[in-house]
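A, B, ... follow the sequence lines: proteins, then strands. Residue 1 opens every chain. Heavy-atom basis, side chains included; hydrogens, waters and symmetry copies ignored.
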Amino acid sequence: MLQSLLYGVAAFAALCLAMARHHEEALGRAPSERRSRLLRGLALLAFAGSCSAVLGRADAGIAWAAWSAQLSLAALVVVALASWRPRWLPACATAALLAAWLSSR
Amino acid sequence: MRLDGKREGFRQAMTWLHTWVGLLLGWLLFAIFLTGTLAFFKLELNHWSRPELRGLPQQPLALTAAQLAQVDAQMHQWAPQAQSWRLQLAEQRNPALGLGWREPPAQPGGRARFEQRQLDPRSLAPIAARETFGAGEFFYRFHFELRSAQQSQWIVAGRWLVGLATFAMLLALLTGIVAHRRFFKDFFTFRPRAKSAQRVWLDAHNVSGVLVLPFHLLITFSGLMIFHSLYMPAGIAAVYGLSGGTYFNELAGDPLPASRGLRPLAGQTQALPQLGSAQWQAMLDQAQRQWPGGRIASISLLREGGATLVEFARHDGDRLQYRSPRLLFDAQTGALKHLADTDQPAARSYGVLYGLHVARFADLPLRWLLFGLGLLGSAMVGSGLMLWAAKRQAERQRRGLREPDLGQRLVNTLNLGAIVGLPIAIAVFFHANRLLPLGLAERPDRELQCFFAAWGLSLLHAAWWPNRRGWTQQLALAALCFAALPLVNAANSGAHLGYSLAHGEWLLAAVDLGFVGAAMLLAALAWHSARGQPPRRVGAAPLTLGRA
């Protein structure tokens with residue numbers, strides 16, 4: 001289940017970075033329109049990845065309940081980073097995405 | 001609702017509702033949320049409350065038919081008159097066996113006495129554990145019925161009050177979504193170093209509300225649904241008749257009343273039959289065939305409607321839907337009579353909502369996560385209350401008024417008494433569990449009295465100092481109370497950290513470490529509160545904890 005949490009962190013981080021203020025805090029400048037769209041698309045893919053970690057499990061009900069709780073945790077992690085260490089956000093998101101992808105293989 | 005009669009927008013109306021519903025029931029909601037959060041660890045906290053139960057195997061052993069026959073024989077010695085008994089099996093969250101039964105009343109019409117003994121799962125020897133309400137049990141009971149004593153006459157009133165508060169919570173959540181102007185824009189925004197205290201509390205309120213909104217909505221709605229029959233009996237009565245009995249049978253998919261075995265027929269006094277090891281083995285085998293890989297939570301022998309039955313209840317954590325299925329056997333022949341369970345859509349929906357609320361399905365990581373989300377729910381309620389006070393104070397300061405008015409003083413008092421008074425009372429309950437003399441009469445009631453007395457004293461203190469000084473003092477006191485718990489535990493019982501860590505008894509160690517964590521959190525808040533104290537201005541000290 002760690003996998004869907006990691007995907008969730010990556011997804012929320014991408015959503016966060018797609019917003020002008022957070023992008024500026026993290027990377028020093030506002031994102032271009034294209035980059036914002038790209039980040040949102042990436043977030044969507046990462047959310048799909050987070051769902052895919054749950055799909056097909058025998059105890060689907062319990063898995064979905066756990067998934068929604070993990071999504072909240074992922075969002076909290078991203079908010080904590082965005083508040084205290086915004087510059088770490090891009091690197092953490094990439095690491096989370098990589099780790100999630102590697103663990104799904 | 002505007003006094004000047006001007007038109008107002010939908011958002012303003014919802015904001016008004018959110019503010020006042022949240023304020024009026026916020027103090028109660030904070031207590032319901034926090035104790036409910038602790039109730040996620042009901043079994044673990046109950047285990048901590050009985051340090052005599054240390055040293056049992058931490059991985060549950062499978063119960064054998066020979067052991068069941070031994071318990072059965074033991075019951076005939078301990079309580080030959082009992083008309084039912086139930087054996088609660090050991091599990092990962094609770095290493096002792098629990099054997100419970102009802103002694104028939106001493107005189108006709110009297111109250112049946114409930115007896116409970118803890119057994120060692122290896123030898124089946126009873127363990128003399130202290131008389132206690134059980135910390136987990138108490139927080140659980142307080143959470144949904146504001147339990148104030150073992151035999152409280154206010155239970156139904158308490159459930160109604162909690163129901164009212166839960167409805168207010170649902171209303172506050174829904175109106176809060178409307179009232180939050182920048183729901184998506186501020187989704188990731190938390191500025192702990194903002195200039196104004198009001199800003200910090202608003203951010204904290206938004207973040208703890210929005211990010212965890214699915215949990216808040218679900219826990220509130222399911223909490224409201226659990227007691228639907230209490231709040232809305234008329235619909236059930238219209239279809240099922242006034243007693244409503246068969247409604248609950250259908251809801252559970254169970255032909256027997258939920259109180260089975262508890263009300264023996266008048267004049268029924270002959271002893272329960274004693275079953276042999278072979279009979280128990282046959283039933284155990286059948287249960288395992290029915291539930292491959294499933295856990296059995298409890299086994300009962302009981303009389304209902306003239307028949308003697310054996311009931312196997314599956315562990316509630318094996319699926320989302322609550323309650324778990326039950327297998328009923330004829331005690332004489334060992335034949336399977338029925339499987340009590342439901343797959344009716346409406347009943348299952350109810351069961352799933354119930355199951356999501358009580359979260360018996362959660363494994364340890366998920367349980368901790370839900371505990372954290374529950375704490376954030378409490379933080380959401382608490383920060384909302386603080387926001388009201390900070391906003392009111394900022395408004396008055398803009399108008400050049402220094403001294404708080406009566407309403408503000410009242411809110412500040414109740415905020416302090418609710419938000420810090422409750423943690424103090426919780427710590428005092430744990431202290432009472434360890435420090436009250438073991439032979440004390442009605443010891444569980446005394447534990448509860450300590451809890452409520454501590455809470456009351458905190459409220460008095462808060463009425464005297466409804467200002468930053470009061471906050472700092474109470475937060476520091478709460479931190480001290482929690483920090484002292486592992487020490488009192490070490491001085492007073494053998495189940496302390498030195499023992500539990502050395503023996504790998506994480507059930508006990510985690511609770512003690514949790515106290516340390518709570519102490520550190522409260523100490524950090526106390527430090528924050530003290531640091532924000534403006535020098536040489538005691539009278540009109542601001543009442544907020546943010547970095548002003």
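Residue A:Ala82 touches chain B through its side chain alone, counting heavy-atom pairs closer than 4.5 Å.
Between A:Trp84 and B:Phe190, the ring planes lie perpendicular to each other; the angle is over 60°, past the 30° to 60° tilted range.
Remark: B:Trp291 CH2 is packed, more than 12 non-hydrogen atoms of other residues, nucleotides or ligands lying under 6.0 Å away. Within 6.0 Å of CD in B:Gln290 there are more than 12 heavy atoms belonging to other residues, nucleotides or ligands.
Between chain B and the options A:Ile62, A:Leu76, A:Leu15, A:Asp59, heavy-atom pairs under 4.5 Å are most frequent for A:Ile62. Chosen from B:Val207, B:Leu370, B:Thr189, the residue pairing most often with chain A at heavy-atom distances under 4.5 Å is B:Thr189.
Test B:Leu376, B:Leu211, B:Leu373 against A:Ser72 for side chain to side chain contact (heavy atoms under 4.5 Å, CB included) and you get one pass: B:Leu373.
Distance alone, capped at 3.5 Å, places no donor-acceptor pair between the A:Ser83 side chain and the B:Arg191 backbone.
Contact residues of residues 213-228 of chain B toward chain A are B:Pro214 (heavy-atom distance under 4.5 Å). At a heavy-atom cut-off of under 4.5 Å, chain A is reached by no residue from residues 33-41 of chain B. Near-neighbour residues of residues 347-368 of chain B relative to chain A, defined by a heavy atom under 4.5 Å from a heavy atom of that chain, comprise B:Leu356, B:Phe361, B:Leu366.
For residues 24-37 of chain A, the set of pairs meeting the side chain to side chain donor-acceptor pair (under 3.5 Å) definition, not counting sequence neighbours, comprises A:His23-A:Arg35.
The CZ atom of B:Phe187 sits 5.0 Å away from the CZ atom of A:Phe12 when rounded to the nearest 0.5 Å.
Counting heavy atoms from C-beta on, the side chains of B:Asp186 and A:Arg21 come closer than 4.5 Å.
Looking at every heavy atom in both residues, B:Phe188 comes nearest to A:Met19 through CD1-SD, 3.8 Å.
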